[in-house]
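Let me begin by presenting the structure, written as structure tokens, before commenting on it.
Just the heavy atoms: all of them, side chains too, but no hydrogens, waters or symmetry mates, feed the values below. All ligand and atom numbering here is 1-based and tracks the order in the structure. What you are looking at is a predicted structure, and each value in this text was computed from that prediction instead of being measured.
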Amino acid sequence: MVRTSFLWALVAASGALASTVDDCPGYKASNVVKSDSSLTADLTLAGTACNVYGTDIADLKLKVEYETDSRLHVNIYDADENVYQVQESVLPRPKSQGVPASSSKILFSLVEDPFSFVVTRAASGEVLFNTTGQQLIFESQYVRLRTSLPPNPNLYGLGEHSDDFRFNTNAYQRVFWNSESPFIPRNANLYGSHPNYVDYRGAAGTHGVFLLNSDGMNVNINTTDSGTFLEYNTIGGVLDFYFFAGPDPADVSRQYAEVVGAPAMVPYWSFGFHQCKYGWPSVDYVSEVVANYSTANIPLEVVWGDIDYMDHRQDFTLDPTNYPLDKMRALVGQLHQAGQRYVMMLDPGIHRKGGYEPFESGSQSEVFLKAADGSWYRGQQWAGEVVWPDWLHPNTQKWWTEEIQKFFDPETGLDVDGLWNDMNEGSNFCGDITCDPTEKKRSISDPRSRIRGPSKTVFARQSTPNGTHLGLPDRNLFTPAYRINNHRGDLSDSTIYTNNTNHDGTAQYDTHNFYGSTMARTTRSALLARRPNTRPFVLTRSTFAGTGAHAAHWFGDNYSAWDDYRISIKQMLAFVAIHQMSMVGSDVCGFNGDAQETMCARWAVMAAWQPFYRNHADISAPSQEFYRWESVANAARKAIQTRYRLLDYIYTAIERQSRDGSPAVSPVWFVYPGEEEAAGIQTQWFLGDALLVAPVVEDDGTGVDVYLPEAVFYDFWTGRKVVGEGKTFRVEVALEDIPVYIKGGSVVPMRVEAANTTAELRTKAFEVVIAPGSDGKAQGQLYLDDGESLDVGASKSDLSFTWDGSRLAMNGTFGYKSDLVLQKVTILGGQNATVKEGSWSLDGPFVVSVGQACRKRSVRVVS
Ligand SMILES: *[C@@H]1O[C@H](CO)[C@@H](O)[C@H](O)[C@H]1NC(C)=O
Ligand SMILES: *[C@@H]1O[C@H](CO)[C@@H](O)[C@H](O)[C@H]1NC(C)=O
Ligand SMILES: *[C@@H]1O[C@H](CO)[C@@H](O)[C@H](O)[C@H]1NC(C)=O
Ligand SMILES: *[C@@H]1O[C@H](CO)[C@@H](O)[C@H](O)[C@H]1NC(C)=O
Ligand SMILES: *[C@@H]1O[C@H](CO)[C@@H](O)[C@H](O)[C@H]1NC(C)=O
Ligand SMILES: *[C@@H]1O[C@H](CO)[C@@H](O)[C@H](O)[C@H]1NC(C)=O
Ligand SMILES: *[C@@H]1O[C@H](CO)[C@@H](O)[C@H](O)[C@H]1NC(C)=O
Ligand SMILES: *[C@@H]1O[C@H](CO)[C@@H](O)[C@H](O)[C@H]1NC(C)=O
Ligand SMILES: CC(=O)N[C@H]1CO[C@H](CO)[C@@H](O)[C@@H]1O
């Protein structure tokens, strides 16, 4: 008897508790109010709360707006507006233009009971997003929404990851939780969060979906008997969706840029070749690296300082023995003299040490995150025990700017050209919440002295008024019941503890994913305060939606392996074309591990066709500067020369993206949206509109299977015409080479010769290569400015070249005054290319007639 009743009690208890997501009642819409351009409704829990991973929120609101003819905004949030919403200061939202539904390219339709919604393409009725069939769950620590998808969808984005560019749609999961991720693990969350995806449906059009939510999240994509779906599972925040109509892939990119911002324009010099290494032992050694590049006759534009330069790994200090100030100033001076640049690292963790000025001044300004008792919240980073800037505190910008201005003062300090933010996921060597931050972790020992604490005002989370979007009170901020598959473990493992409150009252639990992005933005503003009209250059490891408007990004601590070489292509495609971060690249030749000669040569060549081009390695990795092997040196020399000759072409593409979001790097299907065969191509890309790059991608490969769409192309190196057939063909490729094809219909501007620095390059004359399309015509662009001003005002030239079959017309705007000329015109096609030489000023329009008088040459475009 006793036994029976015990069992019964157990069953009763579990029966009361064991709700599953299937028991959740969903919501019912009421009070639907429609206008021409908007819809609002109340959503009410449609039954008994299931409370599976928190408390069901009974009352929600739905707000739908046709913001432009191509952008639909759908927000589902709690009626009290207590649930966290991403601050406007972090991601300013664009204004709605309030267009009537009748002129929108995509339409919203509401299903009232049970609540769901469908987004369709107006012209065709194609269903783009359909949440019918699975109940919405909106709880205090769990929000779920699912859309069904057509079979075998082509989905991209949801960065940052190291997986296929086009997702596997069987049991695939993307996790959003910014984490230090050595070796860029596969199928895992990495350093950044970009919760937007692009859905490519060939001739039926392409659209985009952005969930503006910074909370931890699992996005599940799976195919079952009832079809394919994509399901959002977040541990907080609201369902703030933007839908982008496309219909061309590049339209989606531009429409997304209208919401998160187009990438910041970067300086001309940043397209030069960069060299870095963690573990360069001294400033003398760095000078040797510079000299050895010069001896090897490999143009080196930018030298980087990793944490080696710091005294005991502390920001804003120099190792007095190995990197003393006088020698460092001399190095930077010499680099500048030679037209080269210097960039240095700053980590977010500030050493908690009495007498250490950045800590003392930061304490005084109260800029650090505070623990529950009002003391500084502490963790472990390179310097040892550290405190963490609260980038949302109103004093932080001023403090950070002053530290940067002091340390990087051109007169007394280090006159850097850019800054590098590492470890800014909030990477914490304190592995979990039992860690004692005063214990020694990976740091070098350092003297500890008396520490002045913060003022005793205890900063605890107040109960905040409704409507402030600060986050619900009384949540489990460490181990919410719904678990995201963070590869580091729990939310707070190896990062800033998620129960910390930011100055504005929000919790790290909700804002963790943009900690790094706000650091990068603060660094950018500091550089701007230092040099108000100079384009800042900031490289950041951690990113969030919209970070491109402030900073460049490298793909983190990869490995010196062919797989990582290939991954760098997929990551570039996703960041540039899908996430609006144009200035990106990998650590060339790999960060961790031993770079093999052949792989490093191939990587040196391949990465010269990516936007950000930097060789970097770990302290434990053998040296891999390009001059270390003859074959790599030869390959790099040729690659850099070609890159520099094309630098203005690249600059033009990057400038265009910074203007309107048109991607500077595109997957093949962006350029040929009709060709669905190209949907899975992730080893070739268009750099700008005209150049299709197809590197060797097999391990130690000697050739590559190139896919060319059905169109006219020209071999970039020989000028020979190649007619694409919508299939692949094999090309053998020498170690120093890389197949590149000019798309028919393009005019490609180049410098007539390369140079050792980009400053010198800027004095060289131009040539254009005309690659006629099947109609015999071609066109292209060239953008010119001073290469460094933030606001160039009217001092810029937008040149366009038009080839009609016999005449090259140049026209445009001519605000940038220079003595640059066009010196050579090469027309491809026919048996041999035609070349006309002359001197045409780029300060005004001109026409070049290219008749029979011109020399016919068997031309090599570039050799
Ligand atoms: C949305 O999905 C549901 C469930 O699969 C389906 O019954 C419905 O027809 C779909 N709506 C549209 C407009 O296709
Ligand atoms: C995906 O769907 C398959 C087929 O229904 C199922 O066996 C599998 O468990 C699902 N995987 C995930 C991660 O949901
Ligand atoms: C520079 O080159 C010299 C001569 O080859 C070599 O001895 C030295 O180790 C190199 N130093 C570095 C830092 O590459
Ligand atoms: C966060 O949690 C830790 C561990 O339980 C605790 O010591 C600390 O006081 C909490 N911090 C805040 C700000 O509540
Ligand atoms: C917020 O509104 C709810 C009811 O809508 C009320 O119960 C609660 O007390 C309010 N909270 C505050 C802090 O005003
Ligand atoms: C770079 O400098 C070297 C040595 O001064 C010179 O030989 C070489 O021609 C220069 N390269 C270019 C591309 O200007
Ligand atoms: C250049 O463009 C302007 C403005 O469109 C036009 O007025 C002018 O005629 C053009 N010049 C040439 C040489 O085509
Ligand atoms: C093309 O160039 C080759 C090699 O220079 C030359 O022999 C041939 O006559 C040229 N053909 C034409 C049509 O100009
Ligand atoms: C964690 C992880 O995925 N590491 C990978 C890094 O790259 C090497 C070489 O490609 C792989 O073997 C590792 O699995």
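With ligand atoms numbered from 1 in the order given, ligand 3 contributes 12 (C), 13 (C), 14 (O) to contacts under 4.0 Å with heavy atoms of Y627. Annotation for ligand 6: atoms under 4.0 Å from non-hydrogen atoms of N756 are 1 (C), 2 (O), 3 (C), 8 (C), 10 (C), 11 (N), 12 (C), 14 (O). Close contacts between ligand 3 and R628 involve ligand atoms 12 (C), 13 (C), 14 (O) [criterion: under 4.0 Å to a heavy atom]. Residue contact check: N499 has heavy atoms under 4.0 Å from atoms 1 (C), 2 (O), 3 (C), 8 (C), 10 (C), 11 (N), 12 (C), 13 (C), 14 (O) of ligand 4.
Aromatic pair F514/W391: centroids not less than 6.0 angstrom apart. Aromatic pair F271/Y613: centroids not less than 6.0 angstrom apart.
At least one donor-acceptor pair under 3.5 Å links the side chain of R637 to the backbone N or O of A296. Of the possible polar contacts, none joining the S193 side chain to the F176 backbone as a donor-acceptor pair under 3.5 Å is found.
In this structure, atom 14 (O) of ligand 3 has a protein heavy-atom contact shorter than 4.0 Å. Atom 9 (O) of ligand 6 lies below 4.0 Å from none of the non-hydrogen atoms of the protein.
There is no side-chain donor-acceptor pair under 3.5 Å between Q141 and N476.
Ranking the protein heavy atoms by distance from atom 7 (O) of ligand 6 puts N297 ND2, 4.3 Å first. Scanning all protein heavy atoms for the shortest distance to atom 5 (O) of ligand 3 gives N292 ND2, 4.8 Å. Of all protein heavy atoms, the one lying nearest to atom 11 (N) of ligand 3 is E288 OE1, 2.7 Å.
Considering backbone and side-chain atoms alike, Y285 places every N or O at 3.5 Å or more from each N or O of ligand 3. Polar contact with ligand 4: absent for K370 (N/O pair, distance under 3.5 Å).
Of all heavy-atom pairs spanning V283 and P324, the tightest one is CG1-CD, 4.1 Å. The shortest non-hydrogen separation linking H351 to F359 is O-CB, 3.3 Å.
Aromatic ring orientation, Y651 versus Y783: tilted (interplanar angle from 30° to 60°).
At a 4.0 Å heavy-atom cut-off, ligand 4 touches F478 through the side chain alone.
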